[in-house]
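This report concerns only the one structure given below.
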Amino acid sequence: MKSLLYLIAVLVLTTPVFAQEWDPVLTEKWTPVPAIVTPGAGTAAPSDALVLFDGSGLGSWESMKGGDAKWLVSDGVMTVAAGTGDIRTKKLFGDVQLHIEWRTPAKVEGDGQGRGNSGVFFHEVYEVQVLDSYNSVTYSNGQAGSIYKQYIPLVNASKGPGEWQTYDIVFQSPVFAEDGEVVRKAIVTVFHNGVLIQNHVELTGHTPYTGLPKYEPHGKGAIKLQDHGNPMSFRNVWIREL
Ligand code: MG
């Protein structure tokens with residue numbers, strides 16, 4: 001009897017006649033109304049973004065070694081001053097959309113991981129690799145756009161040495177229970193020069209150089225940029241909290 005009623009219901013719901021009689025208003029949602037955001041021109045920050053670097057100074061950043069960030073700023077660009085250490089945002093973030101532009105040295109020096117290496121880290125421990133991967137070989141899960149030693153980029157969308165490149169990254173932070181258990185793993189999507197290279201990948205933990213990824217519970221965290229000893233440059237850095 002039950003299955004007969006179910007069959008009748010399915011027939012009624014799927015008949016074209018019924019579909020025609022369905023009032024389209026019933027499936028419209030009028031609230032909430034999305035906030036109005038004015039898009040930036042080109043890759044400029046949209047109106048609701050927080051600008052982390054507009055070329056004028058490193059006021060939003062600090063050195064991981066303590067004190068002010070000591071990277072060089074000139075012509076609207078910040079460049080790693082080798083040995084001054086990684087820098088991180090003073091403000092802490094959870095889930096974000098990040099736009100950052102980076103440039104590897106025009107003069108190629110070194111190879112593999114030693115050529116144009118830096119990194120964009122979320123919560124200081126989850127790295128989206130920055131590297132000169134243009135006609136340069138290294139392990140695939142360590143090339144530009146890799147989630148370091150976890151996910152190989154879908155394609156290599158690298159531009160050549162000395163050219164400006166973009167990352168647009170959506171980072172969803174991991175969620176931890178009170179006892180430290182991972183309730184939701186970190187999820188990352190990356191566009192490199194407008195090309196999708198990481199599609200909603202689920203991180204297995206942090207991204208260490210040595211050893212295996214693991215999760216340590218944390219709250220909000222800084223965005224960190226890596227001093228790997230190469231004179232890497234960055235510009236137009238903005239972030240939207242999600
Ligand atoms: Mg790196």
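Source: prediction; values computed, not measured. Every number for a ligand or one of its atoms is a count from 1 in the order of the listing. All residue numbers in this chain count up from 1 along the given sequence. Just so it is clear, the values below take in all heavy atoms, side chains as well, and ignore hydrogens, waters and symmetry mates.
- Side chain to side chain, N193 and Q165 meet the donor-acceptor criterion of an N or O pair below 3.5 Å.
- The closest side-chain donor-acceptor pair between Q113 and T138 falls under 3.5 angstrom.
- Taking the six-membered ring where the residue is Trp, Y215 and F176 present perpendicular rings, their angle passing 60° and hence far from 30°.
- No side-chain donor-acceptor contact under 3.5 Å links E101 and T166.
- Between R115 and S136 the shortest heavy-atom distance is NH1-CB, 3.4 Å.
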Q: Could you walk me through whether S158 and H192 pass the side-chain hydrogen bond (donor to acceptor under 3.5 Å, both in side chains) test, one step at a time?
A: CA-CA 8 Å; S158 296; H192 182 191; 4.5 Å; no

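- For a distance threshold of 2.8 Å, the protein N, O or S atoms nearer than that to the Mg ion (ligand 1), listed by chain and number, are N117 OD1, S118 O, E127 OE2, Q129 OE1, Q226 OE1.
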